[in-house]
Structures are given as structure tokens and as C-alpha cells.
Protein chains: 2
Amino acid sequence: MLEMIDHHSDRAVYQQVADVVREQIASGELAAGAALPAFKTLALRYGVGIDVVKDAVVVLRNEGLLEVSRGRRARVRSVRAVEVIAAPPHARVSVRMPTPAERRELKIGEGIPVLIVRSDRAETIYAGDRSEVLLQGGP
Amino acid sequence: MLEMIDHHSDRAVYQQVADVVREQIASGELAAGAALPAFKTLALRYGVGIDVVKDAVVVLRNEGLLEVSRGRRARVRSVRAVEVIAAPPHARVSVRMPTPAERRELKIGEGIPVLIVRSDRAETIYAGDRSEVLLQGGP
DNA sequence: AGAGATTTGTACGTATGTATG
DNA sequence: TCATACATACGTACAAATCTC
């Protein structure tokens, strides 16, 4: 396993660790809901410090791939049921990361952006992992 | 200034530092394009370690509020010109964080999500800080 | 153009706190 | 109760990019 990490590469070691885990998620080797090995285990496996593993996990959490909470293993984020939002003609849809207040109110996890739908008067914000916008058109 | 950080609060110190800077950005005290003080300066100002400042900056970078690069001060991200994307009726719009490959190809900064527009056949991905989607109106 | 100072990035070490199982 | 596991926070050191003179 140690061959997978090159300490002399231009790419940072913690990014290399993130790359390996990201690929394992993409390939299905780590399925949705699966727990990662403990940080300490990963650190030993790849021959790096705990901090490096922690930094790699932060990267993947901020990509929306992992759910991390204290006291339990990091888990591959499950795909959530998506609610389809109907938007009227002339509505505009944009995206950004939520503020901490929005994350609390909408119960949005780390690494999940929000969808913002603006019509003539109203502006509504949706959790990006549970919503998608359907553009209604026609007469 | 030290009164702003409570080392005995339930809220983590690095989150408190992030809160202070976030509020300075929101209030305009730190304008778009403005450089933050050096990490070392902030650490002294708030009576915390360098790592705490670094962690706070990572939080704000991942919220899309700061641009950070080696050798130069962190800067408040400037609002970018937005290109309006016309989408046909029945197109669906969703959002997520980009993969590293997408970040490279579309030149997307840290903390910036992508907009995904799917019509019957095509799926197109746009940088979330430079694009918004407009539904073309009816007849 | 070049040298040196500044600043952030990365990596490792250590310790303590707190939630989970 | 107890062990496990992650979060936080202090420290140190060096590398690499940028800026200043």
C-alpha cells in the first residue's frame, strides 16, 4: 500500500491520500454509507502523520464526499432523495456555499452548496444535495 | 481585541476567529479584494496559535469568501461578473462541489460549487461564481 | 537582476477534550 | 465503565511562492 504515496512528489501528501480515497469512492470500493478506516489506521497504512490524514479528510468533506463527526468513523455520504423544485419562467438559478446560519436552518452538511432560485419578488434557498430545479416553460 | 475570543467557550476558537473575519467581510470592514493581516499578526491579535488562524482561513476559503495562495496575503474574494446561461424548458439544474479535474478545467477556485444543467441529452457544467441559469420564457 | 525578508503550505509531534459504542 | 475515535490547539521546522529593496 505504501507505494501509493510518494513523499517526494510535487503533489502534497495529504492530497495524494485524498486522491486515493476519492478514487475508492468513485470506483465503489468504498460504497455509500461505508465507514473509512480510523485515521490512525490510515496514517499507518500510508506511512504519514495523523494530521495528513485529517487534512485529506477535510478535503473530501468539503467536496461533499464524506460525513465526519467526532467519536465515529468518517462515512461515505449517502446520496439523498432529491426533491424537484418547479421554477417559473424568467426565474434565475444560482449557487454558492451556505452561511453558517443557513447551514443550521436548512440542516445542510459540510461541503454542500445551496441552490438559490430568484423570481420577480421571491428568493428561495434550497439544500443542494436534496433539491434540483426543473425549469417549467412553454405556454 | 482579545475580548472577542473566548478560549472557554463551547465554540471552537478557530470557529470564533472565522466568525469575526466573516462578520468583517459582511460588514464591509474588509472590502472585496482587501488583504487580510498576516497569519502571524492575526495569531498575536487574538492570542491564538498559527494553526488556529490557518484553520479559520480554511473555513472561510471553503465558504468561498477568501482567496488564499502561498507567499501572499489571503484576500477577500471579489465578486465576479456573472454570465447568464439560457436554459430550455424542462432542463434540470443541480449543484455540487466540483471534482479536482473539473476545478482545473474550468479554473474554479476553492470553495466554489458548480451548476449542472441537464437537458434531454446534454449535461453542461458551469463555474458557480461566474454563471447563473435563466429559464427562457414561454411564447 | 539579484538578494533577502515575508508569507503561506506542508508535515510532524504532542497533549487534551469529548462523543461514540 | 471503558476503550476507541475524532476535534481542537499548542508547538516546531522546512519548502515554496511572493514581495521588497
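Convention: sequence-line order gives letters A, B, ...; per-chain numbering from 1.
- A donor-acceptor distance shorter than 3.5 angstrom exists from the side chain of A:Ser27 to the backbone of A:Gln24, with no hydrogens or angles considered.
- The distance from atom CZ of B:Arg11 to atom P of C:dT18 is 16 Å, rounded to the nearest whole Å.
- With D:dG11, D:dA9, C:dT8 as the candidates, the nucleotide lying closest to the side chain of B:Asp51 is D:dG11.
- Residues B:Gly71 and A:Leu36 both approach DNA chain D. Their nearest nucleotides, taken by heavy-atom distance, put A:Leu36 toward the 5′ side.
- The main-chain N or O of B:Glu102 is never found under 3.5 Å from a side-chain atom of B:Glu105 such that the two would form a donor-acceptor pair.
- Whole-Å rounding puts the A:Asp6 CG to C:dT10 C1' distance at 15 Å.
- Within 4.0 Å of B:Val13, counting heavy atoms only, lie sugar-phosphate atoms of the nucleic acid but no base atom.
- Considering only the side chain of B:Val48, D:dC10 comes nearest among C:dT10, C:dC12, D:dC10.
- B:Glu67 has its CD atom 19 Å from the P atom of C:dT7, to the nearest Å.
- Across the protein-nucleic acid pair, A:Lys40 atom NZ and D:dT4 atom C1' stand 7 Å apart, rounded to whole Å.
- Residue B:Ala74 is the one, among B:Ala74 and A:His7, whose nearest nucleotide of DNA chain C lies closer to the 5' end (criterion: closest heavy atom).
- Rounded to a whole Å, the CG atom of A:Leu66 is 13 Å from the C1' atom of D:dC6.
- Side-chain atoms of B:Arg75 come within 3.5 Å of backbone atoms of B:Gly33 as a donor-acceptor pair (strictly under, hydrogens ignored).
- Salt-bridge formation is not detected for the pair A:Arg77/A:Glu63: no Lys NZ or Arg NE/NH1/NH2 atom is positioned less than 4.0 Å from an Asp or Glu carboxylate oxygen.
- Closest to the side chain of B:Arg70, from the set C:dT10, D:dC10, C:dG21, is C:dT10.
- The distance between atom NZ of B:Lys54 and atom P of D:dA7, rounded to the nearest whole Å, is 14 Å.
- Distance from the side chain of B:Ala12 is smallest to D:dA9 among C:dT8, D:dA9, D:dG11.
- Phosphate proximity of C:dG21 to A:Arg72: present, with a side-chain N or O under 4.0 Å from OP1 or OP2.
- Between the P atom of C:dT6 and the CZ atom of B:Arg73 lies a distance of 11 Å, rounded to the nearest Å.
- Checking D:dT12, D:dT8, C:dG9 against every side-chain atom of B:Val68, the shortest atom distance belongs to C:dG9.
- Once rounded to the nearest 0.5 Å, the distance linking CD of A:Gln16 with CG of A:Asp6 reads 5.5 Å.
- Nucleotide D:dA15 holds its P atom 20 Å from the CD atom of A:Gln15, rounded to whole Å.
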